[in-house]
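No hydrogens, no waters, no symmetry mates; every other heavy atom, side chains included, goes into these values.
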Amino acid sequence: MKFNVKTWSILVCILSVFAFSSQAEVAVVVNSGFSGSLDKDAVAQIYLGKNKSLTPYMQKGSAAGEFVDKVLSRNASQYKAYWAKLAFTGGGRPPKELGNDAEVISTVSGSADAIGFVDAAAVNDSVKVLFTL
Amino acid sequence: MNKPILAAATALATLPFSVSADINFSGFATIAGGMATDSDVVIRNYEDNFDFKEGSFFALQAYSDLTEGLSATVQIRARGRDDWEPEFTWAYLAYEVKPGWRVQMGRQRIPMYLYSDYLDVSYAYHWIAPPTEVYRAPFDSIDGISTIHDFSLGNADVNLRLYYGKEDFESGGFAFELDDIVSAVASVNYGWWTFRTSYLYFNFSGTLGLEPLVEAWYQTPFPFVGDDLNIEDDAHHGFEVGIRYDDQDWLFIAEYIPSKIDHTIIGDYGSWMVSAGKRFADGKYMVHATVGEETNQPYSSLDQVPYGLDPGLDALIDATQGALDGRDYDIPFYSVGLRYDFHPSAAFKAEYTHSEDPSGQKGGVFQLAVVTVF
């Protein structure tokens with residue numbers, strides 16, 4: 001394959017599509033009645049069981065990878081290892097895992113002390129956005 | 001599953017659990033195989049034919065939140081080397097007195113080492129198992145009570161624990177009793193750093209198969225030599241200091257674990273290790289290397305007994321010296337390994353360890369494992 005200008009521009013196009021598709025924004029959401037504010041570090045503390053002020057919810061959807069990477073500074077298996085360590089030593093239970101964005105929205109909107117994250121496009125009026133990634 | 005059981009299970013599953021609390025099941029497993037590289041040097045219990053039993057085990061944990069601060073945890077582990085006979089490694093009630101203060105009653109892991117708490121949860125660390133040259137205690141759980149405190153100090157998370165209990169166990173065909181076990185553990189987490197130190201005391205009694213020697217010495221004018229060989233109510237003092245840095249890219253660990261059982265043939269241990277690892281491909285692969293040493297120096301007052309006075313006494317001295325020599329060793333080891341996270345809940349691991357047997361013969365062992373949490 002010869003790398004002329006045309007090949008390069010096609011490659012750049014393909015790469016930028018990939019880059020764009022993985023850039024879907026993730027919104028960290030709480031119940032609409034929540035009045036405080038929490039930054040990224042505080043949210044990480046909650047998801048790592050160090051701060052028990054809110055009940056965190058994981059989810060299986062596509063937003064999880066980005067959330068775990070950007071907020072918890074881990075990848076999926078490191079997050080799993082972290083909780084395996086705690087769960088098998090009496091140090092706590094991992095956040096409950098919900099199926100998708102819609103389940104997170106309904107759980108968070110129905111529980112005053114819940115915190116979750118969803119694809120920013122799934123956010124509606126029933127929850128409050130703390131910040132987006 | 002036969003039909004009546006299936007029917008009962010279905011009935012149970014559809015019944016509302018109004019009285020009993022939810023029981024949460026989870027578990028972990030290591031399926032490991034290994035083989036020594038040398039035909040007559042046994043390393044980590046592996047010989048030169050491929051073995052699947054030695055390092056393999058399954059564990060199942062049941063946890064129930066009984067609400068208002070009370071919870072129950074039971075963990076059962078079945079090891080290949082015990083012919084898969086299940087044993088309770090944890091069985092305790094935990095009560096959260098207030099946020100940050102928990103009391104645990106029952107059977108629980110005694111955290112002698114940096115990795116004690118999750119010693120078997122291979123998925124949570126890089127090795128197939130922590131190096132047995134350093135983590136060499138023949139018991140890992142006690143029956144007793146512990147108090148566990150968690151609090152923050154600025155940006156650091158502090159964990160303080162105090163244990164009291166008792167444990168009986170068998171090792172190498174001999175029975176041992178540990179009484180008045182007292183342990184204190186302090187660990188501090190600061191960012192990616194963990195600093196840990198622990199102290200472990202217990203009263204140790206047991207038989208090492210040296211009774212004939214002990215009896216023989218009691219018949220001589222030098223009974224104190226027999227006392228050194230007789231393990232009864234002897235005080236054990238163990239100390240540990242460990243440090244870990246793990247920024248999810250690089251891993252670094254150092255741990256030093258000196259311990260001694262005063263004035264006995266068991267003697268003074270001084271084990272240490274240093275381990276480093278680097279992750280690649282977004283954490284999917286990790287390569288790591290470890291070096292360390294297991295050292296032991298038995299205590300004896302044999303040098304206070306004159307040699308050459310009496311042939312019977314000389315024979316006794318020689319036999320005792322033989323037993324002592326077997327416990328006088330320095331075993332350096334190193335290992336290199338790979339972890340590959342091929343699945344969201346499982347990892348494949350490969351490891352090569354070079355070490356020595358107690359007689360000083362050098363050899364290696366190659367191990368492969370699949371580890372999982374579920």
* Does CZ in B/Phe58 sit with more than 12 non-hydrogen atoms of other residues, nucleotides or ligands closer than 6.0 Å? -> no
* Asked: For B/Ser345, is it the side chain, the backbone, both or neither that has a heavy atom under 4.5 Å from a heavy atom of chain A?
  -> both
* Asked: With no hydrogens and no angle check, is any side-chain donor or acceptor of B/Gln61 less than 3.5 Å from a backbone partner on A/Ala87?
  -> yes
* Asked: CG/B/Leu119 to CZ/A/Phe88 distance, rounded to the nearest 0.5 angstrom?
  -> 14.0 Å
* Asked: How about B/Lys278: does its NZ atom have over 12 heavy atoms from other parts shown lying under 6.0 Å from it?
  -> yes
* **Per-residue contact mode, B/Gln75 against chain A (heavy atom under 4.5 angstrom)** => side chain
* To do: Could you tell me whether a side-chain N or O of B/Gln248 sits under 3.5 Å from a main-chain N or O of A/Ser73, the two making a donor and an acceptor?
  => no
* Asked: Does the salt bridge (charged side-chain N to carboxylate O under 4.0 Å, His left out) test come out yes or no for A/Lys50 and B/Asp157, once each step is laid out?
  -> CA-CA 8 Å; A/Lys50 293 174 180 171; B/Asp157 299 315; 3.6 Å; yes
* Asked: Taking everything shown except B/Phe374 itself, do over 12 heavy atoms lie less than 6.0 Å from its CZ?
  -> yes
* To do: Using a cut-off of 6.0 Å, state whether more than 12 heavy atoms not belonging to B/Phe280 lie near its atom CZ.
  => yes
* B/Lys284 NZ to A/Ser77 OG distance, which is reported to the nearest 0.5 Å -> 8.0 Å
* At what distance, to the nearest 0.5 angstrom, does CD of A/Gln78 lie from CG of B/Asp341? -> 8.0 Å
* If you take all heavy atoms of A/Asn75 and B/Asp282, which pair is closest and at what distance? -> ND2-O, 2.7 Å
* How about A/Asp125: does its CG atom have over 12 heavy atoms from other parts shown lying under 6.0 Å from it? -> no
* Atom group of B/Tyr63 that falls short of 4.5 Å from chain A, counting heavy atoms -> side chain
* Engaged part of B/Ser26 at the chain A interface, taking heavy atoms whose separation is under 4.5 Å -> both
* Has B/Trp84 got more than 12 heavy atoms of other residues, nucleotides or ligands less than 6.0 Å from its CH2? -> yes
* Exceeds 12 heavy-atom contacts within 6.0 angstrom, atom CG of A/Asn124 -> yes
* To do: Any chance you could measure A/Lys96, atom NZ, to B/Asn24, atom CG, to the nearest 0.5 Å?
  => 10.5 Å
* Is it the side chain or the backbone of B/Tyr92 that comes within 4.5 Å of chain A heavy atoms, both, or neither? -> side chain
* Contact check, side chains of B/Asp117 and A/Lys85, non-hydrogen atoms, under 4.5 Å -> no
